[in-house]
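To start, the structure itself, in structure tokens.
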Number of protein chains: 2
Amino acid sequence: MAEKTLKERIIDTALRLFEQYGYHGVTVDRIVTESNASKGGFYHNFKSKDELLYHIHDVFITYVLNKAQDAYKNYHTPTERLCAIIQSFVKVFHLYKPHITVFYQESTYLKPEYSQKINEKRDEFKQVIFQVIREGIIAGEFRPELSVEITGMSIIGMVNWTYKWYKPDGPMTIEQIAAHFIDFILHSILTEEAKQKAENSLFFLETQTNVI
Amino acid sequence: MAEKTLKERIIDTALRLFEQYGYHGVTVDRIVTESNASKGGFYHNFKSKDELLYHIHDVFITYVLNKAQDAYKNYHTPTERLCAIIQSFVKVFHLYKPHITVFYQESTYLKPEYSQKINEKRDEFKQVIFQVIREGIIAGEFRPELSVEITGMSIIGMVNWTYKWYKPDGPMTIEQIAAHFIDFILHSILTEEAKQKAENSLFFLETQTNVI
DNA sequence: ATGTTAAGACCGACTAGTTGGTTTGTTTTA
DNA sequence: TAAAACAAACCAACTAGTCGGTCTTAACAT
């Protein structure tokens with residue numbers, strides 16, 4: 001049961017190599033060699049090198065989207081929802097760093113058929129965040145003068161960029177980083193009124209690290 | 001004088017193609033064809049395809065670094081300096097969008113000799129931002145509980161991500177986007193005291209669009 | 001139990017096409 | 001006229017993908 005299938009070995013190896021050298025910096029031959037597989041084994045499991053790239057993209061975006069949707073369902077005010085989404089989003093970087101690196105570096109090279117599927121899920125994810133911000137403004141928790149799109153993209157950008165500098169064994173835990181982001185974002189978007197309330201109720205950020 | 005040199009034509013064409021198809025999605029032959037040049041002309045101007053990639057990287061990072069250093073010199077309080085740096089940084093996206101896209105998508109593929117040079121300037125740029133934040137905290141303008149590094153990377157990430165969604169002919173001007181970012185960031189990092197002061201003095205953000 | 005057969009998993013030498021870079025020759029400029 | 005700038009045919013290396021074949025497993029008949 002500890003035995004990994006050939007397919008899993010190939011994916012793990014490919015992730016490691018793609019993260020370091022980029023999709024085009026790694027040949028199928030090298031993936032095959034380093035995963036103790038063979039050309040035949042590779043093409044038995046994947047239609048093409050492109051399909052492997054797609055698979056990596058899909059695993060990641062599917063996971064993130066599900067987490068965001070779960071967070072939306074499990075909480076019931078915009079502020080809590082936003083915090084939960086960000087927290088789960090940031091935490092993904094711990095488990096899926098190679099996936100994410102590949103996702104943001106190599107998506108240019110997805111074949112149209114594949115990139116369309118990926119983009120649909122990616123847009124869905126964006127919409128969840130936009131929706132929460134929109135609802136937060138309507139509910140009076142978030143500042144009304146905010147632009148939903150730019151605010152959303154600011155948050156997404158801030159968090160996504162983490163993949164460029166986060167080191168899993170660095171000085172800060174992923175939870176600490178998430179807490180910083182949330183602090184940063186809440187200071188920006190909450191109304192003065194909501195900030196007062198939040199000071200009393202958002203202690204859950206400190207204690208509840210397992211949001212999902 | 002309106003005549004472009006062959007070298008310029010090659011760079012322009014390469015930028016356009018790299019932005020759309022990625023470095024590995026574009027062959028030297030295609031660059032040569034679409035810029036009305038020839039293989040000979042290309043290799044007369046560039047040692048290799050890699051050197052062209054390096055050149056594109058260098059033009060961008062050098063420009064951004066200079067702008068940041070200018071902004072630092074021309075202003076004298078941390079808050080003003082930070083605003084000026086962000087404003088000039090964001091504006092770069094208007095002129096240099098293809099450079100930036102290439103910069104962040106393809107830097108993996110720079111040969112070690114080249115990537116070292118680029119990284120030096122990139123680090124220098126980061127240090128300017130970190131320095132301003134550090135000084136802002138010491139001066140009492142920025143909240144003392146902020147982590148310099150995470151705050152810095154949050155800002156850099158938020159701004160950099162713009163290259164993924166900014167459309168030069170979209171509904172928002174680059175100045176509006178810059179103003180949003182500055183608003184977002186100042187709300188996060190200023191102390192309550194500094195916010196009071198800022199409300200009176202930071203009107204310069206609205207009027208003074210040519211910071212540099 | 002034992003032999004038979006079928007199917008899926010896997011192997012690795014080979015190929016056809018592509019691509020960065022070179023070489024050789026020509027034009028333009030100073 | 002010499003040197004710089006450019007053109008075009010050419011080449012060597014590399015790489016994604018193929019294809020005939022082997023090994024393992026399991027169902028099934030005897």
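Each chain gets a letter, A, B and so on, in the order the sequences are listed, and its residues count up from 1.
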Please test B:V26 against B:Y23 for side-chain contact (heavy atoms from CB on, under 4.5 Å), starting from the C-alpha separation and ending with a verdict. CA-CA 6 Å; B:V26 179; B:Y23 179 70; over 6 Å; no
For atom NE2 of A:H44 and atom P of C:dA7, their distance in whole Å: 14 Å
Using chain B heavy atoms and a threshold of under 4.0 Å, write down where along DNA chain D the contacts begin and end, 5' to 3'. D:dA5 to D:dA9
Applying salt bridge (Lys or Arg N to Asp or Glu O under 4.0 Å), which residue pairs with at least one partner in residues 22-44 of chain B are found, sequence neighbours left out? B:R16-B:E34, B:D29-B:K39, B:R30-B:E34
Using side-chain heavy atoms (C-beta onward) and a distance below 4.5 Å, is B:I133 in contact with B:E149? no
Quick one, give me the B/S/- string for nucleotides 20-26 of chain C, reading 5' to 3', where B means a protein heavy atom under 4.0 Å from the base and S means that only happens at the primed atoms, P, OP1 or OP2. BBB----
Rounded distance (Å) that lies between atom C1' of C:dC10 and atom CZ of A:F46: 14 Å
For A:I185 and A:L82, what are the C-alpha separation, side-chain angles and deciding distance, and is it a side-chain contact (heavy atoms from CB on, under 4.5 Å)? CA-CA 10 Å; A:I185 291 164; A:L82 187 64; 4.1 Å; yes
Should the pair A:Y96 and A:F60 be assigned to parallel (<30°), tilted (30 to 60°) or perpendicular (>60°) ring geometry? tilted
Using five pairs at each end of the helix from C:dA1-D:dT30 to C:dA30-D:dT1 to define an axis, what is the angle between those two axes, to 10°? 10°
Cation-aromatic face contact B:K49/B:Y43, 6.0 Å, 45 degrees: no
Taking the six-membered ring of A:Y72, is the NZ or CZ of A:R81 close enough (under 6.0 Å from the centre) and on axis enough (within 45°)? yes
Set of residues satisfying ring pair (Phe, Tyr, Trp, His ring centres under 6.0 Å) with respect to A:F184, sequence neighbours excluded: none
A quick test of your reading: do over 12 heavy atoms of other residues, nucleotides or ligands sit less than 6.0 Å from CD of B:E145? yes
Take the protein atom CG of A:N45 and the nucleotide atom P of C:dG8, then report the distance between them rounded to whole Å. 14 Å
Side chain to side chain donor-acceptor pair (under 3.5 Å) partners of A:Q131, counting only residues at least two apart: A:R134, A:E135
